[in-house]
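Scope of the values below: all heavy atoms of this structure, side chains included, with no hydrogens, waters or symmetry mates. We name chains A, B, ... by the order of the sequence lines, and we start the count at 1 in each one. Computed from a prediction, not measured in an experiment: that's the story for all the values here.
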There are 2 protein chains.
Amino acid sequence: MDQLEIFKALSNKSRLQILAWLKEPEKYFPPQEHADFHEVGVCVGQIQQKCGLTQSTVSEYLGILMKAGLLQSTRIGQWTYYKRNEKAFEALSDLVKSTL
Amino acid sequence: MDQLEIFKALSNKSRLQILAWLKEPEKYFPPQEHADFHEVGVCVGQIQQKCGLTQSTVSEYLGILMKAGLLQSTRIGQWTYYKRNEKAFEALSDLVKSTL
DNA sequence: AATGTATATCGATTTTTCCCGATATCCCAA
DNA sequence: TTGGGATATCGGGAAAAATCGATATACATT
């Protein structure tokens, strides 16, 4: 749990937006063909479409959120699905409350 | 409570360090002449000495933490004292837990 | 009023982040 | 085994942040 890395990951409008979308995937994304939102999350392409950023940027941003521990990913076939790691958010909340 | 602004303010090693010091002033700072730690906090000069950054940088950083709502300041004579706004940290913790 | 001390602001330079296009990799289907 | 689609990585240009020195402001003392 690297505080600084986490806060840096959260210091970007688009990345915050992605996290918000991933909180309620069924609300923000069309149904997916190959996987279930709640099991594995949302694939990169769908996230990219909503972002309006390029594929490479979105992929990089998802990587940043991953490295910070805020997302987890699952590869299924040609798709990589990302979902929130809710435990990390709880841990972050606790960290802010007690040690920050 | 501007999420993005808060996370940006927290995205810097020195600023995180300052917040940690201000959490327990009596532990990290020598006694002050003109004011009490718990009432008003610590003056800029003392913070600067521990930081090893220039006066202008520290002043700016304190300003950034202020604007984000994480610190409050009190001017007494020629000194400006800064202390943590603990309510902001609680609010941030809640935000991370519930809405982030 | 003049001086000294504490802090804030300004302008400039270096470093980091943002974000892109191009390309590489990985996987599936024909 | 070749072609296409999905994602990751690479290299770079533009924008923002970090950090400094110099200067301005604000206050206290003489």
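Put simply, CG on A:Leu4 and CG on B:Leu10 are 9.5 Å apart, with the number rounded to the nearest 0.5 Å.
Between B:Gly45 and A:Tyr61, the residue whose closest nucleotide on DNA chain C is further toward the 5' end is B:Gly45.
Within the 4.0 Å cut-off from OP1 or OP2 of C:dA8, at least one side-chain nitrogen or oxygen of B:Thr80 is found.
Taking atom CG of A:Leu65 as the reference point, atom P of C:dC18 lies 11 Å away to the nearest angstrom. In this entry the distance linking NZ of B:Lys8 with P of C:dT16 reads 17 Å, nearest Å. Rounded to whole Å, atom C1' of C:dC18 lies 13 Å from atom CG of B:Leu4. Regarding B:Tyr82, its OH atom lies at a distance of 15 Å from the P atom of C:dA6, rounded to whole Å. Distance CG (B:Asn12) to P (D:dA16): 18 Å, rounded to an integer number of Å. Put simply, CD1 on A:Ile64 is 10 Å from P on C:dC19, counting in whole angstrom units. Atom NZ in A:Lys67 sits about 11 Å away from atom P in D:dT9, given to the nearest Å. When rounded to the nearest whole Å, the span between CD of B:Gln32 and C1' of C:dA6 equals 13 Å.
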Side-chain atoms of residues 89-100 of chain B: list all donor-acceptor pairs with protein atoms under 3.5 Å, sequence neighbours left out, distances to 0.1 Å.
unit_1	atom_1	unit_2	atom_2	d
B:Ser93	OG	A:Ser93	O	2.9
B:Ser93	OG	A:Ser93	OG	3.1
B:Ser98	OG	B:Asp94	O	2.8
B:Thr99	OG1	B:Leu95	O	3.3

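B:His38 is not listed as a side-chain neighbour of B:Lys83, based on a closest heavy-atom distance of 4.5 Å or more. Side-chain atoms of B:Tyr61 and B:Ile47, non-hydrogen and from C-beta on, never get closer than 4.5 Å to each other.
Heavy atoms of B:Leu62 sit nowhere under 4.0 angstrom from any nucleic acid atom.
When atom types are taken as modelled, the side chain of A:Gln32 and the backbone of A:Cys43 share a donor-acceptor pair closer than 3.5 angstrom.
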- Query: Could you run down nucleotides 21-30 of chain C 5' to 3' and tag each one B, S or - for protein heavy-atom contact under 4.0 Å?
  - Reply: BB----SS--
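Ring geometry for B:Tyr28 versus B:Trp21: interplanar angle of 30 to 60°, hence tilted.
A salt bridge (charged side-chain N to carboxylate O under 4.0 Å, His left out) check over residues 51-69 of chain B, counting only residues at least two apart or in different chains, returns the pairs B:Glu5-B:Lys67.
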